[in-house]
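For reference, the structure discussed in these notes is given below.
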Amino acid sequence: MFDLIVIGGGPAGLTAAVYARRAGKTVLVLEKDALGGQITWSPKVENYPAVPSVSGMELGNLMAEQAMEMGAEVEIDEALRIEDCGSHKRVFGSFGAEYEGRAVILAAGARPRKLGLEREEDLVGSGVGYCAVCDGAFFKGQPVAVNGGGNSALQDAVLLSELCSRVYVIHRRDGFRGEEALVETLRGKENVEFVLNAVITELEGEEELSGIVVRQNGANREIPVSGLFVAIGHEPDIGAFAGLVELDDRGYAASGEDCLTRTEGVFVAGDCRSKRIRQVTTACADGAVAALAACAWLDR
Ligand code: NAP
(Lines give C-alpha, C1' and ligand atoms only; values in the text may rest on other atoms or scores of the structure.)
Protein backbone atom coordinates (compact mmCIF):
# COMPACT_ATOMS: atom_id res chain seq x y z
CA MET A 1 0.00 0.00 0.00
CA PHE A 2 1.53 3.27 -1.13
CA ASP A 3 0.59 6.60 0.41
CA LEU A 4 0.27 8.04 -3.07
CA ILE A 5 -0.05 6.65 -6.57
CA VAL A 6 0.68 9.12 -9.35
CA ILE A 7 -0.80 8.22 -12.74
CA GLY A 8 1.51 9.65 -15.38
CA GLY A 9 5.27 10.25 -15.41
CA GLY A 10 5.39 13.60 -17.20
CA PRO A 11 6.47 16.91 -15.65
CA ALA A 12 3.28 17.13 -13.53
CA GLY A 13 3.50 13.58 -12.19
CA LEU A 14 7.25 13.66 -11.58
CA THR A 15 7.08 16.99 -9.77
CA ALA A 16 4.25 15.60 -7.63
CA ALA A 17 6.46 12.61 -6.80
CA VAL A 18 9.35 14.87 -5.74
CA TYR A 19 7.11 16.96 -3.47
CA ALA A 20 5.42 13.94 -1.92
CA ARG A 21 8.74 12.22 -1.26
CA ARG A 22 10.04 15.39 0.41
CA ALA A 23 6.99 15.21 2.66
CA GLY A 24 7.98 11.65 3.59
CA LYS A 25 5.23 9.83 1.68
CA THR A 26 5.70 6.57 -0.18
CA VAL A 27 5.07 7.15 -3.87
CA LEU A 28 4.47 5.00 -6.92
CA VAL A 29 4.51 6.62 -10.37
CA LEU A 30 2.76 4.65 -13.12
CA GLU A 31 3.76 5.64 -16.65
CA LYS A 32 2.36 3.85 -19.67
CA ASP A 33 4.95 4.98 -22.18
CA ALA A 34 8.07 7.11 -21.68
CA LEU A 35 9.03 8.94 -18.50
CA GLY A 36 9.01 12.67 -19.18
CA GLY A 37 5.70 12.57 -21.04
CA GLN A 38 4.92 14.82 -23.99
CA ILE A 39 7.91 17.05 -23.32
CA THR A 40 10.19 14.29 -24.63
CA TRP A 41 8.71 15.02 -28.08
CA SER A 42 9.95 18.62 -28.03
CA PRO A 43 13.26 19.03 -29.88
CA LYS A 44 14.15 22.11 -27.88
CA VAL A 45 12.69 23.68 -24.76
CA GLU A 46 13.69 27.30 -24.29
CA ASN A 47 11.15 28.52 -21.76
CA TYR A 48 11.97 26.46 -18.69
CA PRO A 49 13.45 28.80 -16.06
CA ALA A 50 17.20 28.63 -15.44
CA VAL A 51 17.72 26.30 -18.42
CA PRO A 52 18.10 28.50 -21.51
CA SER A 53 17.93 25.62 -23.97
CA VAL A 54 17.54 21.88 -23.49
CA SER A 55 16.08 19.01 -25.48
CA GLY A 56 12.72 17.84 -24.15
CA MET A 57 14.13 14.32 -23.84
CA GLU A 58 16.98 15.52 -21.60
CA LEU A 59 14.69 17.64 -19.45
CA GLY A 60 12.26 14.74 -19.04
CA ASN A 61 15.10 12.37 -18.13
CA LEU A 62 16.44 14.79 -15.52
CA MET A 63 13.01 15.06 -13.91
CA ALA A 64 12.60 11.28 -13.86
CA GLU A 65 16.09 10.74 -12.39
CA GLN A 66 15.43 13.29 -9.65
CA ALA A 67 12.13 11.67 -8.65
CA MET A 68 13.70 8.19 -8.57
CA GLU A 69 16.78 9.34 -6.68
CA MET A 70 14.43 10.77 -4.07
CA GLY A 71 12.86 7.36 -3.63
CA ALA A 72 9.79 7.40 -5.85
CA GLU A 73 9.06 3.97 -7.28
CA VAL A 74 8.28 3.83 -10.97
CA GLU A 75 6.42 1.19 -12.98
CA ILE A 76 5.98 1.27 -16.75
CA ASP A 77 2.38 0.15 -16.89
CA GLU A 78 -0.87 1.65 -18.08
CA ALA A 79 -3.54 2.35 -15.50
CA LEU A 80 -6.71 0.98 -17.07
CA ARG A 81 -9.11 1.57 -14.20
CA ILE A 82 -9.18 2.90 -10.67
CA GLU A 83 -11.52 1.52 -8.06
CA ASP A 84 -12.50 3.63 -5.08
CA CYS A 85 -12.34 1.21 -2.14
CA GLY A 86 -13.23 3.81 0.48
CA SER A 87 -10.11 3.73 2.65
CA HIS A 88 -7.87 3.48 -0.41
CA LYS A 89 -7.84 3.27 -4.23
CA ARG A 90 -7.00 0.21 -6.29
CA VAL A 91 -5.37 0.80 -9.68
CA PHE A 92 -5.63 -1.94 -12.31
CA GLY A 93 -2.62 -2.09 -14.63
CA SER A 94 -2.51 -3.47 -18.15
CA PHE A 95 -0.53 -6.64 -17.32
CA GLY A 96 -2.94 -7.82 -14.66
CA ALA A 97 -1.06 -6.09 -11.83
CA GLU A 98 -3.00 -4.22 -9.15
CA TYR A 99 -1.58 -1.32 -7.16
CA GLU A 100 -3.02 0.14 -3.97
CA GLY A 101 -2.64 3.67 -2.70
CA ARG A 102 -4.33 5.78 -0.06
CA ALA A 103 -4.50 8.74 -2.44
CA VAL A 104 -4.15 9.17 -6.18
CA ILE A 105 -2.96 12.02 -8.38
CA LEU A 106 -4.16 11.89 -11.98
CA ALA A 107 -1.42 13.39 -14.14
CA ALA A 108 -2.11 11.43 -17.30
CA GLY A 109 -1.51 14.32 -19.68
CA ALA A 110 -2.94 14.57 -23.15
CA ARG A 111 -2.59 12.66 -26.41
CA PRO A 112 -2.22 14.01 -29.97
CA ARG A 113 -5.44 14.93 -31.73
CA LYS A 114 -6.03 13.00 -34.97
CA LEU A 115 -7.22 14.46 -38.26
CA GLY A 116 -9.99 11.90 -38.50
CA LEU A 117 -9.27 11.20 -42.17
CA GLU A 118 -10.00 7.94 -43.89
CA ARG A 119 -6.96 5.58 -43.68
CA GLU A 120 -5.20 7.79 -41.12
CA GLU A 121 -5.03 4.90 -38.64
CA ASP A 122 -3.80 2.46 -41.32
CA LEU A 123 -0.96 4.77 -42.33
CA VAL A 124 0.31 5.48 -38.80
CA GLY A 125 3.92 4.30 -38.85
CA SER A 126 3.83 4.12 -42.66
CA GLY A 127 4.14 7.83 -43.31
CA VAL A 128 1.69 9.36 -40.87
CA GLY A 129 3.12 10.34 -37.49
CA TYR A 130 2.49 12.58 -34.50
CA CYS A 131 6.04 13.02 -33.22
CA ALA A 132 8.70 14.54 -35.46
CA VAL A 133 11.36 14.13 -32.77
CA CYS A 134 10.68 10.39 -32.65
CA ASP A 135 10.20 9.67 -36.35
CA GLY A 136 11.64 12.61 -38.31
CA ALA A 137 14.94 10.84 -39.04
CA PHE A 138 13.11 8.17 -41.07
CA PHE A 139 12.36 10.84 -43.67
CA LYS A 140 15.88 12.14 -44.21
CA GLY A 141 16.23 13.62 -47.71
CA GLN A 142 12.52 13.16 -48.45
CA PRO A 143 9.63 15.64 -48.75
CA VAL A 144 7.30 15.85 -45.75
CA ALA A 145 4.35 17.90 -44.55
CA VAL A 146 3.49 19.21 -41.11
CA ASN A 147 -0.09 20.07 -40.28
CA GLY A 148 -0.96 22.67 -37.64
CA GLY A 149 -0.38 26.28 -36.72
CA GLY A 150 0.77 26.08 -33.10
CA ASN A 151 4.22 25.86 -31.53
CA SER A 152 4.34 22.09 -31.89
CA ALA A 153 3.82 22.25 -35.66
CA LEU A 154 6.31 25.10 -36.06
CA GLN A 155 8.95 23.38 -33.95
CA ASP A 156 8.42 20.15 -35.87
CA ALA A 157 8.85 22.05 -39.13
CA VAL A 158 12.13 23.61 -37.94
CA LEU A 159 13.46 20.19 -36.96
CA LEU A 160 12.33 18.54 -40.20
CA SER A 161 13.76 21.35 -42.34
CA GLU A 162 17.24 20.28 -41.16
CA LEU A 163 16.64 16.71 -42.35
CA CYS A 164 14.17 16.66 -45.20
CA SER A 165 14.35 17.82 -48.80
CA ARG A 166 11.18 19.90 -48.52
CA VAL A 167 8.78 20.73 -45.69
CA TYR A 168 5.22 21.88 -46.38
CA VAL A 169 3.63 23.57 -43.38
CA ILE A 170 -0.10 23.19 -43.83
CA HIS A 171 -2.40 25.31 -41.74
CA ARG A 172 -6.11 25.98 -41.97
CA ARG A 173 -5.78 29.78 -41.38
CA ASP A 174 -3.75 32.54 -42.99
CA GLY A 175 -1.71 33.15 -39.83
CA PHE A 176 -0.05 30.96 -37.20
CA ARG A 177 -0.91 30.91 -33.54
CA GLY A 178 2.61 29.76 -32.62
CA GLU A 179 5.50 32.08 -31.74
CA GLU A 180 6.55 34.68 -34.32
CA ALA A 181 10.24 33.81 -33.77
CA LEU A 182 9.60 30.28 -35.05
CA VAL A 183 7.59 31.59 -38.01
CA GLU A 184 10.50 33.90 -38.88
CA THR A 185 13.01 31.05 -38.66
CA LEU A 186 10.90 29.03 -41.08
CA ARG A 187 10.45 31.97 -43.46
CA GLY A 188 14.21 32.12 -43.81
CA LYS A 189 14.50 28.52 -44.99
CA GLU A 190 14.51 27.75 -48.70
CA ASN A 191 13.14 24.23 -48.33
CA VAL A 192 10.08 25.29 -46.31
CA GLU A 193 6.79 26.26 -47.94
CA PHE A 194 3.76 27.58 -46.05
CA VAL A 195 0.49 26.22 -47.42
CA LEU A 196 -2.08 28.43 -45.72
CA ASN A 197 -5.87 28.48 -45.68
CA ALA A 198 -5.52 24.81 -46.47
CA VAL A 199 -7.16 21.70 -45.07
CA ILE A 200 -5.93 18.17 -45.74
CA THR A 201 -8.77 16.19 -47.29
CA GLU A 202 -7.10 12.99 -48.44
CA LEU A 203 -4.15 10.73 -47.70
CA GLU A 204 -2.69 9.00 -50.75
CA GLY A 205 -0.73 5.77 -51.04
CA GLU A 206 -1.51 2.09 -50.60
CA GLU A 207 0.95 0.53 -48.14
CA GLU A 208 2.80 3.77 -47.44
CA LEU A 209 1.91 7.44 -47.65
CA SER A 210 2.85 8.89 -51.04
CA GLY A 211 1.07 12.22 -50.91
CA ILE A 212 -1.72 14.36 -49.53
CA VAL A 213 -4.52 16.33 -51.10
CA VAL A 214 -5.28 19.74 -49.61
CA ARG A 215 -8.26 21.96 -50.20
CA GLN A 216 -6.88 25.49 -50.54
CA ASN A 217 -8.93 28.55 -51.45
CA GLY A 218 -11.63 26.40 -53.04
CA ALA A 219 -9.27 24.29 -55.15
CA ASN A 220 -7.66 20.88 -54.63
CA ARG A 221 -3.88 20.64 -54.59
CA GLU A 222 -1.96 17.39 -54.60
CA ILE A 223 1.33 17.43 -52.70
CA PRO A 224 3.67 14.43 -52.96
CA VAL A 225 5.18 13.66 -49.54
CA SER A 226 6.59 10.58 -47.85
CA GLY A 227 5.73 11.78 -44.37
CA LEU A 228 2.97 13.73 -42.69
CA PHE A 229 3.37 14.96 -39.13
CA VAL A 230 0.07 15.89 -37.56
CA ALA A 231 0.49 18.55 -34.85
CA ILE A 232 -3.01 19.90 -34.36
CA GLY A 233 -3.17 19.95 -30.59
CA HIS A 234 -4.08 17.42 -27.96
CA GLU A 235 -6.99 15.75 -26.22
CA PRO A 236 -7.11 14.74 -22.56
CA ASP A 237 -5.83 11.27 -21.82
CA ILE A 238 -8.27 10.61 -19.05
CA GLY A 239 -10.67 8.12 -20.62
CA ALA A 240 -9.83 5.33 -18.19
CA PHE A 241 -10.73 7.52 -15.22
CA ALA A 242 -13.89 9.04 -16.62
CA GLY A 243 -16.04 7.34 -14.00
CA LEU A 244 -13.80 8.39 -11.11
CA VAL A 245 -13.79 12.17 -11.44
CA GLU A 246 -16.07 14.78 -12.90
CA LEU A 247 -15.07 15.92 -16.40
CA ASP A 248 -15.59 19.34 -17.97
CA ASP A 249 -17.42 19.82 -21.27
CA ARG A 250 -14.18 19.18 -23.23
CA GLY A 251 -13.43 15.93 -21.42
CA TYR A 252 -10.72 17.25 -19.08
CA ALA A 253 -10.82 16.47 -15.34
CA ALA A 254 -12.81 19.29 -13.77
CA SER A 255 -10.65 21.13 -11.26
CA GLY A 256 -9.44 24.58 -10.32
CA GLU A 257 -5.95 25.83 -9.57
CA ASP A 258 -6.14 23.92 -6.27
CA CYS A 259 -5.95 20.63 -8.24
CA LEU A 260 -8.75 19.15 -6.12
CA THR A 261 -11.49 16.94 -7.50
CA ARG A 262 -14.86 16.16 -5.98
CA THR A 263 -13.69 12.59 -5.35
CA GLU A 264 -12.21 12.11 -1.91
CA GLY A 265 -8.48 11.27 -2.09
CA VAL A 266 -8.18 11.97 -5.83
CA PHE A 267 -6.23 14.97 -7.11
CA VAL A 268 -5.41 16.07 -10.64
CA ALA A 269 -2.38 17.80 -12.17
CA GLY A 270 -1.09 18.95 -15.54
CA ASP A 271 -2.52 18.82 -19.03
CA CYS A 272 -5.36 16.42 -18.20
CA ARG A 273 -7.16 18.97 -16.01
CA SER A 274 -9.29 21.97 -17.02
CA LYS A 275 -6.93 24.88 -17.52
CA ARG A 276 -6.06 27.55 -20.01
CA ILE A 277 -2.28 27.42 -20.24
CA ARG A 278 -0.68 24.04 -20.81
CA GLN A 279 3.09 24.38 -20.52
CA VAL A 280 5.86 22.40 -18.79
CA THR A 281 6.07 25.11 -16.15
CA THR A 282 2.33 25.04 -15.43
CA ALA A 283 2.40 21.23 -15.33
CA CYS A 284 5.20 21.34 -12.74
CA ALA A 285 3.27 23.94 -10.75
CA ASP A 286 0.24 21.65 -10.74
CA GLY A 287 2.39 18.73 -9.62
CA ALA A 288 3.53 20.68 -6.57
CA VAL A 289 0.03 21.94 -5.73
CA ALA A 290 -1.59 18.51 -6.15
CA ALA A 291 1.12 16.74 -4.13
CA LEU A 292 0.89 19.18 -1.23
CA ALA A 293 -2.90 18.92 -1.25
CA ALA A 294 -2.65 15.12 -1.28
CA CYS A 295 -0.10 15.14 1.57
CA ALA A 296 -2.31 17.43 3.66
CA TRP A 297 -5.29 15.16 2.97
CA LEU A 298 -3.26 12.07 3.93
CA ASP A 299 -2.09 13.72 7.15
CA ARG A 300 -5.68 14.56 8.07
P1 NAP B 1 -2.14 24.33 -30.24
O2 NAP B 1 -1.38 25.52 -29.81
O3 NAP B 1 -3.49 24.06 -29.66
O4 NAP B 1 -2.27 24.43 -31.82
C5 NAP B 1 -3.01 23.48 -32.54
C6 NAP B 1 -3.05 23.95 -33.97
O7 NAP B 1 -3.73 22.96 -34.73
C8 NAP B 1 -3.79 25.26 -34.17
O9 NAP B 1 -3.10 26.04 -35.08
C10 NAP B 1 -5.15 24.81 -34.70
O11 NAP B 1 -5.69 25.70 -35.62
C12 NAP B 1 -4.80 23.55 -35.46
N13 NAP B 1 -5.90 22.60 -35.49
C14 NAP B 1 -6.65 22.16 -34.45
N15 NAP B 1 -7.54 21.24 -34.86
C16 NAP B 1 -7.35 21.11 -36.19
C17 NAP B 1 -7.94 20.30 -37.19
N18 NAP B 1 -8.94 19.45 -36.90
N19 NAP B 1 -7.50 20.41 -38.45
C20 NAP B 1 -6.49 21.27 -38.76
N21 NAP B 1 -5.87 22.05 -37.87
C22 NAP B 1 -6.30 21.97 -36.60
O23 NAP B 1 -1.33 22.97 -30.01
P24 NAP B 1 0.24 22.70 -29.88
O25 NAP B 1 0.97 23.36 -30.97
O26 NAP B 1 0.39 21.23 -29.70
O27 NAP B 1 0.62 23.42 -28.52
C28 NAP B 1 -0.07 23.09 -27.31
C29 NAP B 1 0.49 23.96 -26.18
O30 NAP B 1 1.83 23.59 -25.93
C31 NAP B 1 0.50 25.45 -26.55
O32 NAP B 1 0.23 26.20 -25.41
C33 NAP B 1 1.92 25.68 -27.02
O34 NAP B 1 2.36 27.00 -26.87
C35 NAP B 1 2.67 24.72 -26.11
N36 NAP B 1 3.94 24.32 -26.71
C37 NAP B 1 5.05 24.99 -26.31
C38 NAP B 1 6.27 24.67 -26.85
C39 NAP B 1 7.49 25.38 -26.39
O40 NAP B 1 8.59 24.91 -26.52
N41 NAP B 1 7.34 26.55 -25.84
C42 NAP B 1 6.37 23.67 -27.81
C43 NAP B 1 5.22 23.02 -28.22
C44 NAP B 1 4.00 23.37 -27.66
P45 NAP B 1 -6.29 27.13 -35.19
O46 NAP B 1 -5.10 28.02 -34.99
O47 NAP B 1 -7.12 27.46 -36.36
O48 NAP B 1 -7.08 26.89 -33.96
Side-chain angles (χ1 to χ4, degrees), residues 10-12 36-60 62-63 107-118 120-121 128-136 145-161 167-186 194-203 212-217 221 223 225 228-237 250-252 269-286:
Q38 277 178 70
I39 191 65
T40 58
W41 296 10
S42 252
K44 218 186 268 180
V45 178
E46 296 184 324
N47 53 7
Y48 193 76
V51 187
S53 184
V54 63
S55 80
M57 185 74 79
E58 195 182 342
L59 186 59
L62 286 169
M63 289 182 186
R111 57 170 176 252
R113 185 178 290 140
K114 307 229 158 122
L115 285 167
L117 287 174
E118 206 178 315
E120 183 176 354
E121 297 281 348
V128 175
Y130 303 87
C131 175
V133 174
C134 320
D135 302 331
V146 176
N147 191 200
N151 279 332
S152 298
L154 298 175
Q155 281 199 342
D156 284 356
V158 172
L159 174 93
L160 292 165
S161 70
V167 180
Y168 299 91
V169 184
I170 294 157
H171 181 40
R172 63 185 178 184
R173 297 188 198 281
D174 60 2
F176 295 101
R177 75 160 64 194
E179 287 169 15
E180 190 51 35
L182 289 168
V183 178
E184 274 310 307
T185 302
L186 289 168
F194 292 158
V195 184
L196 301 178
N197 292 314
V199 173
I200 302 176
T201 55
E202 217 178 301
L203 304 174
I212 54 174
V213 177
V214 299
R215 185 92 184 144
Q216 186 182 29
N217 301 322
R221 175 178 170 192
I223 303 177
V225 287
L228 167 65
F229 289 93
V230 180
I232 60 168
H234 295 83
E235 295 168 335
D237 208 353
R250 296 178 60 215
Y252 291 87
D271 283 9
C272 66
R273 85 162 173 89
S274 318
K275 64 194 314 199
R276 208 169 66 80
I277 310 292
R278 292 189 169 84
Q279 297 282 307
V280 194
T281 43
T282 60
C284 293
D286 272 14

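Every number for a ligand or one of its atoms is a count from 1 in the order of the listing. Heavy atoms only: backbone and side chains are in, while hydrogens, waters and symmetry mates are out. These numbers come from a predicted model, not from an experiment.
In the candidate list L117, V199, I232, I277, I232 is nearest to atom 18 (N) of ligand 1, counting heavy atoms. Taking all heavy atoms of R172, Q279, R177, Q155 into account, the minimum distance to atom 46 (O) of ligand 1 is reached by R177.
Between F176 and H171, the ring-plane angle classifies as parallel under the 30° and 60° cut-offs.
When all heavy atoms of L117 and T201 are compared, the closest pair comes out as CD2-O, 3.6 Å. When every heavy atom of G36 is checked against every heavy atom of P11, the shortest pair comes out as O-CD, 3.3 Å.
Of the residues V199, N197, I223, the one that meets the side-chain contact (heavy atoms from CB on, under 4.5 Å) test with V214 is I223.
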- [ ] Determine, stepwise, if the pair T281 / N47 fulfils side-chain contact (heavy atoms from CB on, under 4.5 Å).
- [x] CA-CA 8 Å; T281 43; N47 53 7; over 6 Å; no

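Residue contacts with ligand 1 for N47 involve side-chain atoms from C-beta outward but no N, CA, C or O (heavy atoms, distance under 4.0 Å). Residue-level proximity to ligand 1 for E46 is absent, since no heavy atom of it falls below 4.0 angstrom.
Distance remark: protein heavy atom not present below 4.0 angstrom from atom 28 (C) of ligand 1.
In this structure, the side chains of V195 and R221 come closer than 4.5 Å at one or more pairs of heavy atoms.
No N or O atom of V45 sits closer than 3.5 Å to an N or O atom of ligand 1. Considering backbone and side-chain atoms together, S42 places no N or O closer than 3.5 Å to any N or O of ligand 1.
Among all non-hydrogen protein atoms, the one lying nearest atom 26 (O) of ligand 1 is S152 OG, 2.7 Å.
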